[in-house]
Structures are given as C-alpha cells and as structure tokens.
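Take a look at the structure below.
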Amino acid sequence: MKRKVSILSILAILWCVGASAQKKPAAAAPQLGKSPLKAVIKAMTVEEKVKLVVGMGFKMPGASSAPKKKDTGTTAVPAATPPAFTLPPIDPSDDIPEKVPGAAGRTHAIKRLGIPSITVSDGPAGIRIDPIRNGDSSKTYYATAFPVGTLLASSWDVNLVHKVGVAFGNEIHEYGADVILGPGANIHRNPLGGRNFEYYSEDPLVSGSMAAAIINGIQSQGVGTSIKHFVANNQETNRNSVNTIVSQRALREIYLKDFEIAIKASHPWTVMSSYNKLNGPYTSENPDLLTTILKKEWGFKGFVMTDWFGGRDAVAQVNAGNDLLMPGTTMQSKAIIEAVNSGKIKMSQLDANVERILNIVLKSPEFKKYKYSSKPDLKKNAAVSRMAAAQGMVLLKNDDKALPLNGKKVALFGNTSYDLIAGGTGSGNVNKAYTISLIQGLTNGGYSADANLKNAYETYISDAKAKQPKSRMSFFMLPPPIPQMAITPDMLSQEAENADVAVITLGRNAGEGADRKVENDFNLMDSEQALIKNISDAFHAKGKKLVVVLNIGGVIETASWRGQVDGILLAWQPGLEAGNAITDVLSGKVNPSGKLATTFPVKYDDEPSAKDFPGKELPMPEGEKPNPMRGHPAVVTYEEGIYVGYRYFTTFDVKPAYEFGYGLSYTKFKYSDLKLSSKTFNGAITATVTVTNTGNVAGREVVELYVSAPAATLQKPEEELRAFGKTKTLQPKESQTMSFTLSAKDLESFNTAQSVWVSEAGTYTVKVGASSTDIKKTQKFELPKTIVVEKVHNVLKPEVQIDELKK
Ligand code: BGC
C-alpha cells in the first residue's frame with residue numbers, strides 16, 4: 001500500500017511538473033525578433049530544434065491543381081509530378097495548407113516562439129508554382145519565364161543580369177515565396193549535361209559573376225536565393241549516387257571557384273548542397289566542404305539546405321553543417337533526435353544550425369508579414385525577359401550580311417519555329433502563360449510567312465505529340481524529339497520562289513534527371529540534316545539565303561552543316577517572349593552582342609571530358625534494389641583536371657567549331673591602346689584598352705581579358721579569363737576606354753602540395769581580345785616575387801590517384 005501511494009504521488013508530482021513546464025514557457029516564451037536570438041534557441045526543446053532543421057515534408061502536389069495546357073512552349077509540368085514509387089512517410093501534422101501551391105518546400109513554424117514557416121520555390125529561370133489553384137482558372141498564377149542561365153551568361157553583362165534579378169525578385173516577393181531555389185551555378189563540364197541550360201558557363205569567373213549579379217538583383221527585393229548545387233554536380237546520370245573524383249586543384253580553381261566568387265560578392269541567403277558524393281562522402285554530409293570551406297574560409301553567413309532527399313545520413317548532415325534537410329522526412333527527424341540523445345550530435349552543433357536558419361527567417365517576407373499581392377507586374381517582367389533575351393543571343397555566322405533579314409517574306413521551316421522552347425524541363429521549368437513562337441514574333445515584327453506551311457507544321461506537330469509515349473516519370477524523362485516534317489519538292493520550290501529568305505529553327509530540350517545523348521541530340525538528326533540540305537539547295541539556286549536559328553539549352557554539333565547556311569543565330573532558350581526576342585535580333589532592331597560562355601567543339605569526342613562522362617556504374621551493394629530516385633552506384637573521374645573548356649582547347653591546340661568568348665555583331669570593333677599601369681606588378685595592375693565602333697550601326701562589344709601566367713612550379717593553362725566587361729552602346733565611330741584592375745587574387749593558382757593560393761613570380765602576358773582566340777592586343781608585366789595569396793585547409797582530397805591530364 002505504502003509503495004502504491006508513493007508511485008502515485010510521484011506520478012502526480014511528475015504530472016504537475018510536466019504541466020507547469022508546458023504552461024510556463026507558453027506564458028514567458030521568448031519571441032523571435034523580439035527576444036535575443038540566443039534566448040529563443042535556449043527556450044527551444046530538442047523536438048522544436050529538430051523541427052526547424054528538417055523541412056515540412058514533401059506533399060505530392062500537382063494531381064488536383066495541375067496546370068491547364070495554356071502554355072504553347074515546353075510542356076507545363078505539375079510541380080513535382082507524382083513519381084511511380086513510394087517516398088518516405090510524411091508527418092501528418094505537416095499537412096497544413098500550402099501558402100504558395102506548387103512551391104517546392106517549407107520549413108516548420110514554431111508558433112510558441114513566434115517562428116513562422118518559410119516557403120522555398122524553384123527555380124533558376126522563374127518562380128515555378130502552380131498556375132491554377134483548386135481547379136479555379138478565373139484567377140491564375142502564371143509566372144514569367146526569364147531566359148535560361150546559359151543565355152544570360154552569354155550577354156556577359158552583369159548589369160543586365162542584375163536587372164533580370166530585380167524583376168525576378170519582385171515576382172517571387174509578390175507571389176509570397178521567401179527563397180528561390182536558384183541560381184544554378186554548376187560548371188559546364190560536358191556539353192551533354194542535362195541541366196546545363198540552368199547553369200552559366202564553363203568558366204568560373206563568368207559563372208560566379210553572373211550568379212552574383214542575379215543574386216544581388218533578386219535579394220535587393222527582400223527575398224532570398226539558394227545558389228546550387230554545391231558542388232561538382234555536373235551531370236544528371238546517377239546524380240544521387242555518383243562519386244565525383246576530382247583533384248583538389250581542379251576543385252579549387254574551377255568547381256568551387258565560381259561558388260566562391262558568387263558567395264563572396266553577393267551573400268546568398270542559402271546554399272543548396274548537391275546530390276552527388278565528392279571524393280568519397282556525399283557533399284551534404286561533408287563538414288570539410290560545408291563548414292571548413294564554405295563557412296570558415298569563405299565566411300558564408302546564411303544556411304545550407306540539402307537538395308531534395310539528397311544524401312543518406314541525416315545525422316552526418318547535421319554534423320557537417322548542412323543546416324536544413326529538405327524537403328524533410330519523419331525518419332530524419334527521428335534519427336536526429338536519437339543522435340542528440342545519444343550524444344552523436346552535440347547540442348552546440350544543432351544550435352548552430354538552428355541559429356543560421358533563424359537568422360534567415362528573421363529577414364524573410366513571411367516573418368515581416370509582407371502582404372503579397374499574387375499579382376506581379378507580368379507585363380513589365382515580360383518586357384525585361386524579352387530585352388535580356390535579345391542581349392544574350394549569339395550571332396555565330398553571318399556570311400555576306402545574311403542578317404539582319406533582307407526582305408519581309410520569310411519561308412519558315414523547322415518544327416521548333418512553330419513551337420519554340422522557352423526553357424528546359426524539371427525543376428528548371430516555369431509555368432508560364434504563353435511562349436511566343438517564331439512565327440508569331442515575325443508576324444508581330446512586320447514579316448510575313450506562308451500560312452499553308454504554318455498549317456502543315458502545326459498539324460504535323462500536334463499529331464506527333466499525340467503519338468509520343470506518356471510516362472509516369474514525365475517530370476524526369478523527356479519524350480524523344482520529333483523528327484523534322486518532310487518538305488515535299490513542290491512545297492520547297494514554291495517557298496524558294498515566293499519568299500525572300502529561308503529560316504530554319506532547330507530545337508533541343510533537356511532537364512533534370514537525364515543527360516543528353518550524342519546521337520540525335522548533340523549531333524543533328526538525319527531529318528534535320530536533310531532539311532538543311534534541301535532548303536540550302538533550293539534557296540541558294542535562287543540566289544536566296546538560309547538562316548538557322550538554334551533554340552537550344554546546350555551545345556550541339558555545328559561543323560558538319562554550317563557550310564550550307566548563310567547565317568546562324570544562337571537564340572538559346574530565351575524565355576516566354578522567345579519569338580519576339582529572336583525577331584528583335586533577326587530584324588536588326590537589336591544588334592547582337594552576346595558571346596559564347598561555353599565552347600562549341602567540332603565533334604563531341606574533342607571534349608576533354610568526353611571519355612569520362614557520365615562515368616562508370618558500379619555493382620549494386622548486396623541487398624539493395626535499384627531505385628530510380630537513388631540511381632546506381634557510380635563513379636566519375638575528372639581526368640581533364642583544370643583543363644575544362646577553353647583552358648583545354650587553347651592549351652592543347654584543339655580547334656573548336658566556335659571558341660569560348662566568340663560572337664559576331666552587325667558592326668565591327670577596333671581595339672587600340674592597350675596600356676598597363678606598370679611593367680611590374682606591385683599589389684595591383686590596371687589595364688586600359690580603347691574599343692571603337694568602326695562599322696555603320698550602333699552596337700556593344702564584350703571585351704575579354706585573358707592572362708597567360710608563368711609556369712614556374714605549377715602547370716598553367718595557355719590562358720585564363722581574368723576580367724571582362726561590356727561597352728555601352730557605341731554609335732558608329734564612337735569609342736570607349738575600358739579599364740580592368742587585377743589584384744594578386746586575380747592571378748592566383750592553387751598549389752596542392754602546400755594548400756596555398758599563389759601568384760607565381762615571372763612574366764605575365766595580358767591578352768585583350770574579342771574571344772579566347774581572337775586576341776587583339778597583348779602586353780607583358782613582371783611579378784618579381786611569388787605572392788602567397790592565401791593559405792587554406794588541406795581538405796577534400798581524392799581517396800584515389802587520378803591520372804590527370806598534363807601539358
Ligand atoms: C533539384 C533541385 C530543386 C529541388 C526542388 C531537386 O530535384 O535537383 O534543383 O531545387 O528538386 O524542386
């Protein structure tokens with residue numbers, strides 16, 4: 001009896017303590033933003049902290065609110081179409097209404113402490129949300145599809161990209177999201193990379209500068225960004241399982257470098273770690289990457305989130321400083337709570353992750369209770385999209401002034417002319433209200449095209465699309481490209497007779513989940529080669545010209561067919577105003593000023609990474625079954641080392657079809673008076689060069705500054721881009737003097753043996769030019785003594801020997 005009483009009394013005491021513990025903080029709980037942050041964190045229970053570092057889960061959206069097919073361009077995909085396999089369970093308490101339907105994820109709210117839930121949304125080329133909610137199409141939520149990253153980079157214009165960021169940021173703000181899941185800043189290692197369109201360049205300076213410009217623009221509007229995918233995620237094949245083996249030097253100089261440039265220059269609110277492993281561990285589980293390099297060496301102050309379901313081990317992720325696990329699963333929460341209780345995760349680590357997240361929550365529109373309108377100025381943003389698109393297109397060929405178009409009657413060929421691709425697929429897709437086709441754009445611009453040809457193409461395309469296989473995995477798997485419609489000899493001779501000029505558009509699409517193929521994608525399809533040949537013969541026989549428009553997201557082969565055409569305009573994937581923007585350039589309303597930020601090789605095998613892409617598959621571990629989300633165990637070795645893109649082509653003397661930095665204009669420019677501030681480097685050196693428009697129309701020129709560095713102890717590429725700029729619009733005969741200042745950091749190379757960035761003593765050649773091989777002026781200076789720019793940590797070492805390419 002005695003014993004019973006005592007147990008009861010203990011239970012009663014425990015109940016009272018529990019009740020008062022629950023009650024007390026509710027009354028006195030510190031509030032985010034009002035109380036010191038440390039006090040808020042101190043008041044949090046372990047469960048609450050874990051709630052904060054694990055996202056709210058992945059609702060299977062889309063099924064009820066899939067967008068209606070109003071879009072004439074890429075197929076509108078519901079945000080994350082339900083895949084054909086089961087995902088980890090979702091905590092039922094997560095099931096609260098979404099703030100922005102179709103957004104990719106949310107963090108948990110902790111109401112007791114005044115912590116709201118923040119919403120993150122894809123993606124790099126526009127906010128990807130459901131355009132129609134609850135089947136009610138009387139009010140829509142379409143978004144602006146801006147030009148893809150590769151096009152923006154080809155503008156080489158950081159001010160322009162900043163402007164795009166401002167418009168984009170405003171749209172994110174007005175649609176109620178807090179953080180956009182972009183920009184994508186992975187390097188174009190190989191032309192087949194399925195997500196290259198989302199990324200900028202093969203060069204870290206161009207890529208990092210563009211990412212910084214868009215981040216600064218977006219974040220100026222009070223919303224955040226998530227630069228992704230950190231790091232060495234340069235392929236889609238087996239992206240969730242591939243182990244990327246890469247040397248420390250190539251990592252530091254190429255793959256980390258562009259993130260370093262962007263992060264230091266723009267302070268993104270968040271960074272997204274990638275799916276892949278890097279020299280062993282998953283990036284999201286690697287403290288050397290996320291804490292030592294990103295947070296300590298680079299001083300990143302925001303938080304790191306995983307890519308969706310990225311990595312395997314939640315505990316390792318928390319310990320690595322991957323602050324937020326997205327989209328978040330119950331299993332992860334359980335594992336973290338257990339690890340905190342067993343001491344595998346220190347409370348100080350969990351608190352540090354929580355603090356980083358809360359610091360960003362404090363800046364978020366949601367925390368500030370911003371009253372978003374859901375009515376961004378879509379008209380204004382479409383105008384920004386069109387303007388930017390025209391600035392980033394690259395004129396690859398223009399024989400005998402094929403462009404601007406002479407004559408108003410255009411014979412318009414190629415499926416894509418009638419079905420332009422605004423942007424790529426997967427999470428990089430944008431649910432836009434429309435895509436202006438090329439025929440619409442040309443018509444808007446005062447050109448005429450044959451209505452019979454238009455009808456024939458439209459019928460052909462809709463029949464072909466209806467026959468395409470429907471896949472449950474359509475979010476990740478694109479249907480095969482539609483072969484070109486065959487043009488009958490009658491049709492052809494009629495067009496050649498009646499029209500002033502022929503235009504063919506060739507299109508390519510790709511996206512998340514798969515890489516491109518060499519056959520029928522990098523290389524042209526037979527039906528495309530035949531189309532070019534037939535039209536070339538017919539039009540040239542009449543003394544008329546043929547222009548090809550490339551509506552592509554990644555590099556294709558051009559060398560085999562370009563001889564048959566007079567002009568080639570690389571329009572990339574230019575966003576929702578596609579047809580209007582292309583017409584602006586074809587007509588001469590806009591003088592093209594874009595240049596390639598990625599090399600076009602003569603053939604795929606010329607690429608230095610061709611033999612190591614997309615790597616080798618390894619046997620499945622015993623007991624594991626293949627899972628499409630996780631991919632197959634695989635390894636890819638970056639044997640080309642630092643020789644990526646033009647660093648390879650210029651060093652090893654391989655002639656590309658169109659080199660890095662190349663692009664024509666409707667006018668001509670002269671370079672003169674390259675001067676250096678000194679013949680000896682003394683802390684910094686300034687190069688000035690005068691650019692004059694010597695042609696007949698106004699135009700802008702991209703000016704590229706390459707440096708050839710002495711190979712003292714380290715091998716050096718033939719040249720590296722160390723600065724660039726773009727002139728204002730120069731009228732005929734007008735000049736502008738461009739000025740570039742280089743510090744020791746701008747000359748550095750990575751010495752792996754000593755883990756230092758160094759600028760080695762010797763003679764440097766400054767080469768200023770219109771492309772990586774079209775060097776107009778050179779000057780030399782001496783660096784008398786090697787400068788150690790920075791000592792860094794000896795981390796991210798490959799576990800195996802790499803047989804790296806050497807000069
Ligand atoms: C992609 C990310 C994207 C995320 C959320 C992932 O599959 O790799 O780029 O932001 O999904 O949609």
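Since the model is a prediction, treat every value here as computed from it, not as a measurement. Note that ligands are numbered from 1 as they come in the structure, with each ligand's atoms numbered from 1 the same way.
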(message) For R239, state whether at least one heavy atom is located under 4.0 Å from any atom of ligand 1.
(response) yes
(message) Side chains of S274 and T283 only: does a donor on one sit below 3.5 Å from an acceptor on the other?
(response) yes
(message) Quick check on contacts: which atoms of ligand 1 are under 4.0 angstrom from a heavy atom of H229?
(response) 2 (C), 8 (O), 9 (O)
(request) Assess the side chains of D258 and Y200: does a donor N or O sit below 3.5 Å from an acceptor N or O? (result) no
(request) Could you list the atoms of ligand 1 found under 4.0 angstrom from a heavy atom of R128? (result) 12 (O)
(message) Does the Lys NZ or Arg CZ of R312 fall within the cation-pi geometry relative to Y282 - under 6.0 Å from the ring centre and within 45° of the axis?
(response) no
(request) For the pair E285 and K277, find out whether any cationic side-chain nitrogen is under 4.0 Å from an anionic carboxylate oxygen. (result) no
(message) Regarding E366 and K99, does a basic nitrogen lie under 4.0 Å from an acidic carboxylate oxygen?
(response) yes
(message) Ring of F300, cation from K295 - is the NZ or CZ under 6.0 Å from the centre and inside 45° of the axis?
(response) no
(request) Please confirm whether F309 comes under 4.0 Å of ligand 1, counting heavy atoms of the residue only. (result) no
(request) Answer yes or no on whether R189 is positioned over the face of F613, meaning its NZ or CZ is under 6.0 Å from the six-membered ring centre and within 45° of the axis. (result) no
(request) Using a strict cut-off of 4.0 Å, indicate which atoms of ligand 1 neighbour a heavy atom of A104. (result) 5 (C), 12 (O)
(message) Evaluate W308 for polar contact with ligand 1, using N/O atom pairs at a separation under 3.5 Å.
(response) no
(request) Any atoms of ligand 1 less than 4.0 Å from a non-hydrogen atom of K228? List them with their elements. (result) 2 (C), 3 (C), 9 (O), 10 (O)
(message) Once you restrict to heavy atoms under 4.0 Å, what part of E512 touches ligand 1? Side chain, backbone, both or neither.
(response) side chain
(request) Quick one: look up the protein heavy atom nearest atom 4 (C) of ligand 1 and list residue, atom name and how far away it is. (result) D307 OD1, 3.5 Å
(message) Counting non-hydrogen protein atoms only, what is the nearest one to atom 3 (C) of ligand 1? Give residue, atom name and distance.
(response) D122 OD1, 3.3 Å
